[in-house]
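Everything on this sheet refers to the single structure shown next.
Just follow the structure's listing: the first ligand is 1, and inside any ligand the first atom is 1. Computed from a predicted model, the values in this text were never measured in an experiment.
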Amino acid sequence: MLDIRTDNLRKQFGAVVAVDDLTITFPAGTTTCLLGPSGCGKTTLMRMIAGLETPTHGEIYFGDQRVTRLSTRARNIGMVFQYPVVYRGSDVRANIELPLRAEKLSKAERTRRVDEVLDLLEMRHAADADIDALDNGTRQKVAVARAVARQPKIILFDEPITNVDISSKLQLKRALKELVTRLNQTIIYVTHDQTEAMTLADQIALMKDGRIVQYATPRELYDRPNDVFGGWFLGNPGMNFVENFARTIGSDGIVNSPLFAAPVRLSGHGSEQLILGIRPEHVRVYPAAHAEAVPARVVNRAIVVGGQYLVTLQAGDATLKAKVAAETGRALGEAAWMHLPLERITLFGADGHKPDIALQAINPATR
Ligand code: ATP
């Protein structure tokens with residue numbers, strides 16, 4: 001197992017900074033998804049790791065070995081691209097076996113390795129199938145199998161699911177999930193699809209403008225984004241943000257806000273403007289008055305995937321979206337009662353970053 005490290009790695013295309021002085025370690029034996037919107041630099045970063053793009057400056061290491069100036073071939077990595085690369089006019093087994101022949105492995109070892117990946121990807125039955133007769137989802141599985149069978153220490157995936165037919169996408173995703181869980185290789189997986197990243201990754205590197213905004217487990221990134229960008233980019237829809245959520249904040253940190261039924265206090269001091277963030281699925285909504293909740297007006301109500309309702313609420317000047325269970329959604333009239341659980345709230349500073357401040361309930365005994 002090898003970790004992948006970049007040190008001050010940069011790539012510019014003329015005036016465009018695709019990757020901006022990136023220093024990071026992708027731990028050995030884990031799967032990292034590079035996630036972010038189009039143009040954030042994920043493909044360029046992966047291509048530099050692969051040796052397909054020369055950095056403007058900075059270094060790349062695989063374990064202790066500096067590989068920055070090595071050719072792709074010499075880096076000994078496995079790669080899977082957006083479009084399946086297969087050899088026409090031969091069968092599945094021959095496709096997977098080809099690079100093993102180039103490595104001059106014995107017939108017995110080749111057969112063993114091919115059978116192993118065929119089993120791993122549950123495609124033993126298709127071993128003799130003509131590659132030309134397969135749909136592109138299955139061809140992509142063959143391309144994956146070929147990359148894996150060589151047993152490289154590092155495997156790079158560049159949006160391998162994007163161009164697969166809708167009908168085989170889910171199956172391919174499941175196969176990849178199974179695969180990355182079983183393999184010990186260090187895997188970098190580029191995607192712009194958050195569900196794919198949430199499913200496959202041990203860690204997600206969330207990218208924006210050539211930088212990694214946050215490098216964390218999917219859960220951590222989703223629950224505790226350290227930047228409004230992560231709150232906004234992840235989730236469907238993304239996080240609610242409420243600026244000026246407090247009417248006043250006392251010098252003792254006590255917050256006067258129409259969003260809370262009980263008094264709350266800031267755990268630290270921030271003179272700057274704070275933004276309150278909460279995910280729609282964490283906003284609690286009641287059709288009738290509730291002790292913990294504040295009154296709100298239902299501005300919109302729509303059924304979304306899974307039979308849940310996406311409800312838009314107005315409370316004071318704030319507009320928030322809430323995802324609620326079907327029964328609650330159906331029961332709502334024009335008025336609703338809303339509760340924002342403190343432990344689900346993330347505060348951000350005016351610069352979009354997370355300050356070291358949180359909201360706390362005020363314990364009546366200490367008031
Ligand atoms: P996508 O998902 O659209 O591929 P990405 O996050 O992978 O986006 P990159 O393809 O790495 O982003 O591109 C990062 C930036 O670098 C973009 O502004 C892009 O236009 C620019 N760029 C990438 N490759 C080149 C190139 N060969 N020549 C000039 N500019 C490039």
Side-chain angles (χ1 to χ4, degrees), residues 4-26 31-60 67-69 71-72 75 77-85 136-137 140 143-144 147 154-166 169 172-173 176 180 186-216 218 221-222 225-236 238 352:
I4 302 172
R5 282 189 298 126
T6 72
D7 184 13
N8 210 22
L9 189 67
R10 184 179 190 86
K11 180 66 188 183
Q12 271 181 247
F13 296 102
V16 176
V17 180
V19 172
D20 193 359
D21 296 348
L22 190 69
T23 299
I24 188 139
T25 300
F26 302 117
T31 301
T32 292
C33 284
L34 304 181
L35 175 70
S38 183
C40 69
K42 41 196 196 298
T43 306
T44 305
L45 173 57
M46 201 202 67
R47 286 174 58 82
M48 286 195 282
I49 294 170
L52 297 168
E53 202 78 73
T54 312
T56 306
H57 68 226
E59 303 290 350
I60 302 166
V67 300
T68 322
R69 274 156 209 87
S71 69
T72 299
R75 291 186 197 199
I77 48 181
M79 284 195 76
V80 180
F81 298 93
Q82 280 195 22
Y83 291 93
V85 178
N136 70 351
Q140 190 64 302
V144 171
I154 290 169
I155 307 182
L156 308 177
F157 290 90
D158 185 10
E159 306 223 17
I161 295 182
T162 306
N163 295 304
V164 166
D165 316 317
I166 291 275
K169 265 195 165 99
L172 182 57
K173 188 152 85 177
L176 287 175
V180 299
T186 310
I187 295 171
I188 305 278
Y189 188 108
V190 169
T191 181
H192 61 266
D193 179 336
Q194 53 167 303
T195 336
E196 214 170 296
M198 295 293 278
T199 314
L200 296 174
D202 293 312
Q203 301 89 218
I204 294 176
L206 181 66
M207 293 188 68
K208 182 191 176 200
D209 300 338
R211 292 166 185 238
I212 293 179
V213 175
Q214 190 168 2
Y215 187 56
L221 186 63
Y222 192 82
N226 65 10
D227 192 285
V228 287
F229 179 71
W232 168 80
F233 189 78
L234 293 170
N236 185 21

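Taking 4.5 Å as the limit, some side-chain heavy atom of F157 sits within range of a side-chain heavy atom of L176. Taking 4.5 Å as the limit, some side-chain heavy atom of P55 sits within range of a side-chain heavy atom of T68. Contact annotation: the side chain of Q203 never approaches that of Q214 to less than 4.5 Å [non-hydrogen atoms, C-beta and beyond].
Among R10, R211, K11, the single residue meeting the salt bridge (Lys or Arg N to Asp or Glu O under 4.0 Å) criterion with D21 is R10.
No side-chain N or O of Y222 forms a donor-acceptor pair with one of Q194 less than 3.5 Å apart.
Closest approach of A197 to T191, counting heavy atoms only: CB-CG2, 4.0 Å.
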Between ligand 1 and the protein, find all N/O pairs closer than 3.5 Å and give the distance for each.
| unit_1 | atom_1 | unit_2 | atom_2 | d |
| --- | --- | --- | --- | --- |
| ligand 1 | 2 (O) | K42 | NZ | 3.0 |
| ligand 1 | 3 (O) | S38 | OG | 2.6 |
| ligand 1 | 4 (O) | T43 | OG1 | 3.4 |
| ligand 1 | 6 (O) | G39 | N | 3.4 |
| ligand 1 | 6 (O) | C40 | N | 3.0 |
| ligand 1 | 6 (O) | G41 | N | 3.0 |
| ligand 1 | 6 (O) | K42 | N | 3.2 |
| ligand 1 | 6 (O) | K42 | NZ | 2.9 |
| ligand 1 | 7 (O) | T43 | N | 2.9 |
| ligand 1 | 7 (O) | T43 | OG1 | 2.4 |
| ligand 1 | 8 (O) | G39 | N | 2.7 |
| ligand 1 | 11 (O) | T44 | N | 2.9 |
| ligand 1 | 11 (O) | T44 | OG1 | 2.5 |
| ligand 1 | 12 (O) | G41 | N | 3.2 |

